[in-house]
Protein chains: 2
Amino acid sequence: MSGATLSDVAHAAGVSYATADRVVNKRGNVAQKSIDKVHDAVARLGYVRNIAAANLSRKHVYRLAFLIPTGSNAFFLRVREQILQTARHVRVDSVTVDIVDVPAFSVDALHSCIGQLTGYDFDGVAIVGLQSGALEQPLADLRARGVKVIGLVSDLPKEFRSAYIGIDNSVAGRTAARMTGLGNRDRGGEIQTFVGSLDARDHAERLQGFRDVIAADYPQMTVLDPILTKDDPTVLRDAARHALRAERPVSAFYNVGAGNVGLIEAIRETTSSRPFCVVHELVAHSKQALIDNHIDLVIDQRPDVEVNRAFALLRALIDERELPPMPDLVPTIYVRDNLPAETFKPAMETQTT
Amino acid sequence: MSGATLSDVAHAAGVSYATADRVVNKRGNVAQKSIDKVHDAVARLGYVRNIAAANLSRKHVYRLAFLIPTGSNAFFLRVREQILQTARHVRVDSVTVDIVDVPAFSVDALHSCIGQLTGYDFDGVAIVGLQSGALEQPLADLRARGVKVIGLVSDLPKEFRSAYIGIDNSVAGRTAARMTGLGNRDRGGEIQTFVGSLDARDHAERLQGFRDVIAADYPQMTVLDPILTKDDPTVLRDAARHALRAERPVSAFYNVGAGNVGLIEAIRETTSSRPFCVVHELVAHSKQALIDNHIDLVIDQRPDVEVNRAFALLRALIDERELPPMPDLVPTIYVRDNLPAETFKPAMETQTT
DNA sequence: CATTTTTTGATAGACCTCAATCATTTTTCT
DNA sequence: AGAAAAATGATTGAGGTCTATCAAAAAATG
């Protein structure tokens, strides 16, 4: 099976161990003749380098960095928590992890953070990215230094990262629409949508996906133009209040972005029947709202799964081994009945009672 | 950081390396005094054994076995496929995997399979279990030999396995009910249910969960007694045809078990509007049926995720290290919009400049 | 032929396991 | 009690696989 070792190879090739090592690790200074002999032996014996032994030998530690937006956004707090947990667990495998705070939504800030990365020598970094050509230069520099880069949750320019881990936001929007349609197909009516900002690519994509599905499959419903919330709970609360009090109330709410606390607050005040309500990201308050029947569905992107994959993927990339099999990441639908037991609850959320 | 090595410990404890080794690996023949000194030093230095080095040293390979029911059940074919994929990928980490075929649903067969396991010395086994006291003896034997055992998809007697990886079927049923309720709350009507067998614990649990939620939250709907299908597509097809042609057609179908091909066939023939339709397990045909709008929802248990976890968990158990953080497994809801791409492709393109 | 340059080989780590050996204490027997 | 046998405790050394360094041999150069 996995038997062949490098000395077997060396032996079979009729060269010394050191020469075989030079060939397989491309250290140079080997005669072409020897190179061929070794390659031949490698192929014949099916040699694969034992990564554990190699790492042991050179006291290698995997240095990983995660660039995560700052702020009190519950979703990213959850991401951070998951990174920390996993980091703690893989410490025994000689993996160190740094979480780098990046001011949210700023290309400049991200640019400079990535630039600074070259100072420390990380083996791999996962970046909550932005789509901007400005990032290409520092990313190229990283790559030139052999650092593996992946996009997490939000992608980077495609040619400058090795992989992307995250959901397709258009799919997320479509899914939200499908559920809204199912829940209202007999009623029709209007859907009030909320977005943080239409400049945010993910928000725009979700909204577009949502509109597409409603238009195609549930023509009896109309999607109202989104209210811009800047992901601010207060804005959301006021807008929702207003919509709820309208003389002809809408039949559904769909919040594309964050700030659900506000939305939920507005709904909680409502005495009459509330609209069908779909939001994104399962965090403490959205979970509670599901349980309390204040909202109907949460579309989640499973940051826990994403973070796990980021680790697995980075290690595979760093080791330059075959990438692990990874089934598509798809938006997960939560209702009050299939909630996971423990959801990370950020400390600051505790006073929101 | 993770610096301390065993010779550091030995040194700090003032004993020889071998003595320290005996203590931390519980090989016996050490005076209590030395044991204490070593334990003390371990605690002080925060020593953790380097598993990679240990495995290297004794040429350890992880021998894993998966006991999976035979048959052409699409779900278990999917499980098998995922095991094979993962196995191929972890071969380079010295992990060997055997899939053992077990005649489905037979306690006797499972009993004898588990019994045979003691012959080969596996380090860990994952078993698609059954709840039966009869299994306790062979499981106890396995454990006595130091084999780690986990339940997969369907649990084993609790005291005889280290962990269970699978969804809560009652939650799955409740989730199905919630969705059915959402999709029909304005219509009411009757729900025709189908089960493979009420002796199958998972089927019974799902059905019960389903009934509970409908009764509690959607009283305008009634759940008809389940039709027994033995998971046979033919039976399902005929029963569904019959129900579809009834003068007062039901408003929803819920199939708790397998055999969806038959159900889908019956629905496909229908020209008039079909009932709201929920089934379990995403496989080729249920996926296609979603796309074709023949059914509305699939509740899935993500066997890919489960298998991945099984591997991670078994390795952690075998190494006797802390178990990795694992968020709850919950039933996943698929609609036609959030379907994963067909093939398990390794995570994307890698640029190698 | 002497000097560079290229190629090769030997070997000391890295951290651990395990069997074999040596040293000491305890038990047993006359 | 004294000697032999047994049990227990501690030490050594040989792996396992790879990396990386240094010295030796071979080839190329002027």
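Naming: A, B, ... by sequence-line order, numbering from 1 per chain.
- Between D319(A) atom CG and dT19(D) atom P there is a gap of 12 Å when expressed in whole angstrom units.
- With sequence neighbours left out, Q82(A) forms a side chain to side chain contact (heavy atoms under 4.5 Å, CB included) with T86(A), D304(A), V307(A), N308(A).
- Taking 4.0 Å as the cut-off between side-chain N and carboxylate O, D101(A) and R80(A) count as a salt-bridged pair.
- In this entry the distance linking NZ of K26(A) with C1' of dT19(D) reads 16 Å, nearest Å.
- Using N1 to N3 plus N6-O4 or O6-N4 for Watson-Crick, or N1-O2 and O6-N3 for G-U wobble, each under 3.5 Å, dA25(D) pairs with dT6(C).
- Using a 4.0 Å cut-off between a side-chain N of Lys or Arg and a carboxylate O of Asp or Glu, E136(A) and R143(A) do not qualify as a salt bridge.
- Rounding to whole angstrom units, NE2 of residue H60(A) and C1' of dC15(C) are separated by 17 Å.
- With rounding to whole Å, I35(B) atom CD1 is found 13 Å from dT8(D) atom P.
- Defined by atom type and a distance below 3.5 Å, a donor-acceptor pair is present between the side-chain atoms of Y62(B) and N55(B).
- Ionic pairing of R145(B) and D123(B) is not present here: no N-O contact between side-chain nitrogen and carboxylate oxygen is shorter than 4.0 angstrom.
- When the ring pair (Phe, Tyr, Trp, His ring centres under 6.0 Å) test is applied to H39(B), no partner is found at least two apart in sequence or on another chain.
- Rounded to whole Å, atom C1' of dA27(D) lies 12 Å from atom NZ of K33(A).
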The contact string for nucleotides 11-18 of chain D, one letter per nucleotide 5' to 3', using protein heavy atoms under 4.0 Å with B, S and - for base, sugar-phosphate only and none, comes out as BB--BBBB
